[in-house]
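Take a look at the structure below.
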Amino acid sequence: MNRLPLILSSIAVAILAGCATESRVTSAPAPAAPAAAPYVLAPAGSTVVVPQASTAGMVVVAQPAAPLRVGMGRIEQILAVPTAAGGRTESNSTKRIVMKMDDGSVQYFDTEAAGLATGDRIEITKEGTMRHPA
């Protein structure tokens, strides 16, 4: 029996496995959005005054981080990670990734992985790592 195809396919798998890197990821919350302002129905015939939008006194509701979901998808955005102090961004190499899963859902996570670009195909593994092309 000829073993050449088996040997060549084993070499191909080893080469392809070496082209992907794995990086640790941690779940992150979705970007915070301003809370919806309450509204009141005005009686018919009355004058309605709409206040001008202002960032002063704006309430921001932060959503908790959802657990990571295993699967394949694409990087939609790469964002700077905000700090707890005034919304400034950290100067380290941590990035917040917005990933659109193949099922259409979106998840957010933080990673220190290098060489990422918008549009890259990535995979979240059950071990909590992100597998991406090198």
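- Taken from CZ in Arg121 to CE in Met72, the straight-line distance is 4.0 Å, to the nearest 0.5 Å.
- Side-chain atoms of Met130 and Thr125, non-hydrogen and from C-beta on, never get closer than 4.5 Å to each other.
- A heavy-atom distance below 4.5 Å is not found between the side chains of Tyr108 and Met99.
- Between the Lys95 side chain and the Ala113 main chain, a donor and an acceptor come within less than 3.5 Å of each other.
- Considering only heavy atoms from C-beta on, Thr26 stays 4.5 Å or farther from Phe109 through its side chain.
- Rounding to the nearest 0.5 angstrom, the gap separating the CD1 atom in Ile75 from the NE2 atom in His132 is 8.0 Å.
- Grouping the Ile, Leu, Val, Met, Phe, Trp and Tyr side chains by contacts below 4.5 angstrom, directly or via other members, places Leu68 with Met101.
- To the nearest 0.5 angstrom, Leu116 atom CG is 5.5 Å from Ile78 atom CD1.
- By the 4.5 Å heavy-atom criterion applied to side chains, Gln107 and Ile124 are counted as neighbours.
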When you look at Thr129 and Val25, which way does the side-chain contact (heavy atoms from CB on, under 4.5 Å) test go after all the steps? CA-CA 6 Å; Thr129 61; Val25 295; 5.8 Å; no
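- With Arg96 contributing its side chain and Ala80 its backbone, the two residues share no donor-acceptor pair below 3.5 Å.
- Thr94 places none of its side-chain heavy atoms less than 4.5 Å from the side chain of Thr111.
- Salt bridge annotation for Asp110-Arg24: absent, with no cationic side-chain nitrogen under 4.0 angstrom from a carboxylate oxygen.
- Contact annotation: the side chain of Ile122 never approaches that of Arg74 to less than 4.5 Å [non-hydrogen atoms, C-beta and beyond].
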